[in-house]
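Not measured: the values here are computed from a predicted model. Remember, it's 1-based here, ligands and their atoms both numbered in the order they're listed.
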Amino acid sequence: MTVGIGVTGATGRMGQEVIAAVADHDDCEVAFAVNREPDGEAVDGVEIEPAAEFDSLVVERDPTVVIDFTGPESALGYAEACVDADVAFVTGTTGFDDDQLESLEAAADEIPLLHAPNFARGVQALVNVVGEAVRNLPGYDVELVETHHNGKRDAPSGTANRLLDEIEANGEFTERTHGREGDQPREGPEIGVHALRAGDVTGEHEILLAGNHEEVRLTHRAEDRGVFAAGAVDAAVWIAGQKAGRYDFTDVIGQ
Ligand SMILES: NC(=O)C1=CN([C@@H]2O[C@H](COP(=O)(O)OP(=O)(O)OC[C@H]3O[C@@H](n4cnc5c(N)ncnc54)[C@H](OP(=O)(O)O)[C@@H]3O)[C@@H](O)[C@H]2O)C=CC1
Ligand SMILES: O=C(O)C1=N[C@H](C(=O)O)C[C@H](O)C1
């Protein structure tokens, strides 16, 4: 069965990668691709249609799944339209606030929905090991540094927030300190969080654990955005056969 995919944010950094990743996948095809004010553009030979027509396209072209990498407000709007059309929704968009996340997750009562802040398999491995490292090194200081391109809007990154949840899970760390300035020595239960924005860095996350005259650094570096797009397309193919519910990238890759 060929999985028809609707792509949002199609001329964005990730949207273009998703169109390329769908073309590379034997079991998928682009059902439609939208962006705000497309102006007759095409990406890899796929015509880009106006985002204002999403609600009708998602009914008329009848995709199995929509893949979204846009922004929190638009992602929520697209998810709601997918609920109305009974189409599965995979989103890698980050930067949702708590209310927005709650609304997004409500859509999972009606359709299969997968939200992942990072579709790189290596990041999921990092999420798995970071909690173990913190548990193995009680009393060590923990700091997180993430680096992204200068066009990224949200900070810290969605991946950083996911890693921080994992670091905090055993209760030793209870506060996040976002950068430091002036007379601000480190306090016991804090995790320092530092977001760097420069050039076209694809995405790097490093957790530093230091104490006992030693340090451990756990680092993931994405070398190409195609890795995120390929993961999202794998997620779309996987979710095509699922019933309504909230899914995670771990469900797709079995970690
Ligand atoms: N989960 C993962 O693995 C990854 C997640 N991301 C996340 O994906 C998202 C997009 O990243 P990226 O592609 O770099 O961003 P870009 O800014 O390059 O692209 C965003 C796209 O979404 C469109 N868009 C933004 N807001 C709206 C809106 N309100 N209505 C309709 N369209 C909208 C933009 O349209 P326009 O051109 O008109 O502005 C643009 O085409 C971010 O949240 C980012 O953090 C990124 C990489 C990997
Ligand atoms: O905006 C990006 O580029 C990325 N965003 C995601 C995030 O916020 O974690 C994933 C990846 O790091 C790239």
Whether R217 and E215 form a salt bridge (side-chain N of Lys/Arg under 4.0 Å from carboxylate O of Asp/Glu) is what I want to check.
yes
Using a 3.5 Å cut-off on N or O atoms only, is R36 in polar contact with ligand 1?
yes
Between F32 and F54, what is the ring plane arrangement, given parallel below 30°, perpendicular above 60°, and tilted in between?
perpendicular
Which of the numbered atoms in ligand 1 are below 4.0 angstrom from a heavy atom of G12?
18 (O), 19 (O), 40 (C), 41 (O)
Under 4.0 Å between heavy atoms, the region of F96 that gets near ligand 1 turns out to be neither
Could you tell me whether the side chains of T2 and E29 share a donor-acceptor contact shorter than 3.5 Å?
no
Atoms of ligand 2 less than 4.0 Å from H205 heavy atoms?
12 (O)
Which of the numbered atoms in ligand 2 are below 4.0 angstrom from a heavy atom of T94?
7 (C), 8 (O)
Would you say that more than 12 heavy atoms from the other residues, nucleotides or ligands in this model lie under 6.0 Å from the CD of E214, or not?
yes
Among all protein heavy atoms in this structure, tell me which lies nearest to atom 3 (O) of ligand 1, with the distance rounded to 0.1 Å.
F119 N, 2.9 Å
Quick one: does E146 get within less than 4.0 Å of ligand 2, heavy atoms only?
no
Electrostatic pair R13:D200 at N-O distance under 4.0 angstrom
no
Tell me whether V134 shares a hydrophobic cluster with V129, the cluster being built from Ile, Leu, Val, Met, Phe, Trp, Tyr side chains joined at under 4.5 Å.
yes
Is it the case that ligand 1 has an N or O less than 3.5 angstrom from some N or O of G71?
no
Do any N or O atoms from the side chain of N35 and from the backbone of A10 form a donor-acceptor pair under 3.5 angstrom?
yes
Which of these passes side chain to side chain donor-acceptor pair (under 3.5 Å) with T94: N118, N161, D154?
D154
N or O pair under 3.5 Å between A120 and ligand 1
no
Ligand 2 to H148, heavy atom cutoff 4.0 Å, flagged ligand atoms 2 (C), 3 (O), 4 (C), 11 (C), 12 (O), 13 (C)
Would a distance-only check, ignoring hydrogens and angles, find a side-chain to backbone donor-acceptor pair under 3.5 Å from N136 to E132?
yes
Quick check on contacts: which atoms of ligand 1 are under 4.0 angstrom from a heavy atom of S74?
26 (N), 27 (C), 28 (C), 29 (N), 30 (N), 31 (C), 33 (C)
Give me the nearest non-hydrogen protein atom to atom 20 (C) of ligand 1 as residue plus atom name, then the distance to 0.1 Å.
F69 O, 4.0 Å
Cluster link V34 to L76, ILVMFWY, side chain under 4.5 Å:
yes
Can you list the atoms of ligand 2 that are under 4.0 Å from a heavy atom of P117?
6 (C), 7 (C), 9 (O), 10 (C)
Non-hydrogen atom of F54 closer than 4.0 Å to ligand 1
no
Answer yes or no: are there more than 12 heavy-atom neighbours, outside D98 itself, under 6.0 Å from its atom CG?
no
Where ligand 2 meets F228 - atom numbers and elements under 4.0 angstrom, heavy-atom basis
11 (C), 13 (C)
For atom 43 (O) of ligand 1, which protein heavy atom lies nearest, and how many Å away is it?
T94 N, 3.0 Å
When you check the side-chain N and O atoms of H220 and E204, is any donor under 3.5 Å from an acceptor?
no
So between G92, A229, P38, A116, whose heavy atom ends up nearest atom 7 (C) of ligand 1?
G92
Counting heavy atoms under 4.0 Å, the part of R225 that contacts ligand 2 is neither
Report yes if some N/O of N35 lies less than 3.5 Å from some N/O of ligand 1; otherwise report no.
yes
Could you list the atoms of ligand 2 found under 4.0 angstrom from a heavy atom of N118?
10 (C), 11 (C), 12 (O)
Would you mind checking which non-hydrogen protein atom is closest to atom 46 (C) of ligand 1, with the distance to 0.1 Å?
M14 CG, 3.6 Å
At under 4.0 Å between heavy atoms, which part of K152 makes contact with ligand 1: side chain, backbone, both or neither?
side chain
Hydrophobic cluster identity match, V87 and V30, side-chain contacts under 4.5 Å:
no
Heavy-atom pairs closer than 4.0 Å: do any link ligand 2 to the side chain of T159, the backbone, both, or neither?
both
Where is the nearest protein heavy atom to atom 42 (C) of ligand 1: which residue, which atom, and how far?
T70 O, 3.8 Å
I need the atoms of ligand 2 closer than 4.0 Å to a non-hydrogen atom of S157, numbered in the order shown.
7 (C), 8 (O), 9 (O)
From the list T219, V216, V142, side-chain contact (heavy atoms from CB on, under 4.5 Å) partner of I207 resolves to V142
I need the atoms of ligand 2 closer than 4.0 Å to a non-hydrogen atom of G158, numbered in the order shown.
7 (C), 8 (O), 9 (O)
Look at the side chain of T177 and the backbone N and O of G192, then say whether any donor-acceptor pair between them is shorter than 3.5 Å.
no
Proximal atoms of ligand 1 relative to T93 (non-hydrogen, under 4.0 Å)
43 (O)
Can you tell me which residue and heavy atom of the protein come closest to atom 18 (O) of ligand 1, and the distance to 0.1 Å?
R13 N, 2.8 Å
Would you say P117 has any N or O atom under 3.5 Å from an N or O of ligand 1, going by distance alone?
yes
